[in-house]
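The structure appears below as structure tokens.
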Amino acid sequence: MFLVKITINDTRTAYPLYFKEVLIRMKPVVLVADDERDIVSMVSEYLMTEGYEVWEAENGTDALELALKDPDLILLDVMMPGLDGFSICREIREAVQCPILFLSARVEEADRILGLSLGGDDYILKPFSIGELGARIQAHLRRERRRAAPPKRSKYGNIWIDYASREAGYGDTAIGLARKEYEILELLTLNPGLTFSRERMYERIWGYDAEGDAQAVTEHIKRLRAKLADSGEEQRIETVWGVGYRWRK
């Protein structure tokens, strides 16, 4: 993590020599984890020229250790010695909230579905364009910044969501949403286009220690869709078969 330490004289205290230390992250930190040294070097050099700080790992063990140190984004190779990328993602997803982008030469649909269902945010096939990779990284980091400072209100066709009052509706009509229904709507609309598995949604909304199972998500989605349908707006909660749900942009 690249930090600058600012020392400020705090004259509000009775001790004029009392100082505060403020730590500010100056650059976004990207973890690049891949067992191919050429790929790590190429991606790292590109990202550093674009103004990122880069952490490097060439095996699963190092990648796991660095991933738990709070980078802003993780590029994670699927096939690595020690621990593969899927295993790492499964291990860290509960503790790490940043975007995880898989890098892989495995083109099978089942692998892409598995990566996303484990909590990955993107799946990039090798060989890839370094320019496209950079654009995807920027897009995910922009989305994270928007999520950190969510808008007070959003509108999708006839439907509006007021995040401050935790309400949704259409026109002058408020939709009577149960608490979990609203939280599902908030999660999806603050991450448009991203697919969430039922399991991940259950953990995010109900909590890791909640009693029950992910089937509750299906029932709440069903009721939420029915309530949103009353607005006359085209349905925006999409089912991604075999993976989960997303909000159509």
Side-chain angles (χ1 to χ4, degrees), residues 30-35 57 60 63-64 66-68 71-126 128 132-133 136-137 139-141 143-144 147 180-181 183-225 235-249:
V30 177
L31 168 58
V32 181
D34 197 300
D35 65 337
L64 177 61
L66 289 172
L68 293 172
D72 293 297
L73 183 141
I74 299 171
L75 296 177
L76 189 56
D77 182 29
V78 171
M79 299 297 294
M80 284 189 295
L83 287 171
D84 63 76
F86 290 152
S87 298
I88 294 171
C89 185
R90 185 184 292 109
E91 181 77 17
I92 68 174
R93 201 20 134 182
E94 292 185 4
V96 173
Q97 299 300 317
C98 74
I100 297 176
L101 283 59
F102 285 110
L103 305 175
S104 179
R106 294 164 63 166
V107 301
E108 291 80 4
E109 181 182 11
D111 289 319
R112 297 197 298 273
I113 291 174
L114 176 59
L116 295 173
S117 67
L118 290 173
D121 297 282
D122 210 340
Y123 194 98
I124 300 168
L125 292 176
K126 298 178 181 179
F128 50 80
E132 181 182 354
L133 176 64
R136 291 200 190 196
I137 290 172
H140 282 282
L141 290 177
R143 188 176 292 116
E144 287 298 295
R147 188 177 70 175
K180 298 300 185 187
E181 292 167 356
E183 290 175 351
I184 289 173
L185 181 64
E186 181 181 81
L187 176 65
L188 293 176
T189 56
L190 288 178
N191 299 276
L194 289 184
T195 301
F196 292 87
S197 68
R198 292 189 310 166
E199 291 74 19
R200 188 177 176 195
M201 292 176 70
Y202 187 80
E203 291 174 351
R204 291 279 292 271
I205 294 171
W206 273 262
Y208 301 117
D209 300 325
E211 296 183 1
D213 57 46
Q215 182 61 33
V217 173
T218 303
E219 297 302 319
H220 279 74
I221 289 282
K222 182 179 179 180
R223 291 197 291 269
L224 177 58
R225 280 173 166 164
Q235 187 60 248
R236 288 179 178 268
I237 299 178
E238 298 181 332
T239 299
V240 182
W241 295 108
V243 182
Y245 303 97
R246 70 184 173 200
W247 184 263
R248 180 170 54 81
K249 297 181 182 180

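Hydrogens, waters and symmetry mates are skipped; everything else that's a heavy atom, side chains included, is used.
A 4.5 Å side-chain heavy-atom check between Ile88 and Met80 finds at least one atom pair inside the cut-off. At a threshold of 4.5 Å between non-hydrogen side-chain atoms, the residues Lys126 and Leu103 count as touching. Put simply, the side chain of Ile92 reaches to within 4.5 Å of the side chain of Ile74, judged on heavy atoms. The side-chain heavy atoms of Ile113 and Tyr123, taken from C-beta on, include no pair separated by under 4.5 Å. Considering only heavy atoms from C-beta on, Glu186 stays 4.5 Å or farther from Ile205 through its side chain. Between Ile184 and Ile237 the shortest side-chain heavy-atom distance does not fall below 4.5 Å.
Between Trp247 atom CH2 and Leu194 atom CG the span is 14.0 Å, to the nearest 0.5 Å. For the atom pair Leu118 CG and Arg200 CZ, the distance stands at 10.5 Å (nearest 0.5 Å). Atom CD1 in Ile137 sits 11.5 Å away from atom CG in Asp72 (nearest 0.5 Å). Rounding to the nearest 0.5 Å gives a distance of 10.5 Å between CG of Leu188 and CD of Glu238. Atom CG of Leu190 sits about 11.5 Å away from atom CZ of Arg143, to the nearest 0.5 Å. The CD atom of Glu181 lies 6.0 Å from the CG atom of Leu224; values are rounded to the nearest 0.5 Å.
Counting all heavy atoms, side chain and backbone alike, Phe102 lies closest to Gly85 at CE2-O, 3.7 Å. Nearest heavy atom pair, residue Gly119 against residue Cys89, reads C-SG, 4.1 Å. Closest of all the heavy-atom pairs between Arg136 and Asp122 is NH1-OD1, 3.0 Å. Here the shortest heavy-atom pairing between Ala63 and Leu31 reads O-CD2, 3.8 Å. Ile124 and Phe128 get closest at one heavy-atom pair: CG2-CB, 3.8 Å. Annotation for Thr189 and Pro192: closest pair O-CD, 3.3 Å, computed over non-hydrogen atoms.
Taking the salt bridge (charged side-chain N to carboxylate O under 4.0 Å, His left out) definition, one finds that Arg112 meets it with nothing, sequence neighbours left out. Applying the salt bridge (charged side-chain N to carboxylate O under 4.0 Å, His left out) criterion to Arg106, with sequence neighbours excluded, gives Asp111. Scored by the salt bridge (charged side-chain N to carboxylate O under 4.0 Å, His left out) test, Arg225 finds no partners at all (sequence neighbours excluded).
In summary, the side chains of Arg198 and Gln215 do present a donor paired with an acceptor at a separation below 3.5 Å, with no hydrogens or angles considered.
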For side chain to side chain contact (heavy atoms under 4.5 Å, CB included), just list the numbers for Tyr202 and Thr218, CA-CA rounded to whole Å, side-chain angles, deciding distance to a tenth of an Å, and then say yes or no. CA-CA 10 Å; Tyr202 187 80; Thr218 303; over 6 Å; no
May I have the step-by-step check of side chain to side chain contact (heavy atoms under 4.5 Å, CB included) for Ile221 and Thr239, ending in yes or no? CA-CA 10 Å; Ile221 289 282; Thr239 299; 5.9 Å; no
Given Arg204 and Met201, is the side chain to side chain contact (heavy atoms under 4.5 Å, CB included) satisfied, shown in steps? CA-CA 5 Å; Arg204 291 279 292 271; Met201 292 176 70; 5.7 Å; no
In sequence, state the C-alpha distance, the side-chain angles, and the governing distance for Val217 and Tyr245, and then conclude on side chain to side chain contact (heavy atoms under 4.5 Å, CB included). CA-CA 10 Å; Val217 173; Tyr245 303 97; 4.2 Å; yes
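Salt bridge annotation for Arg93-Asp121: present, with a cationic side-chain nitrogen under 4.0 angstrom from a carboxylate oxygen.
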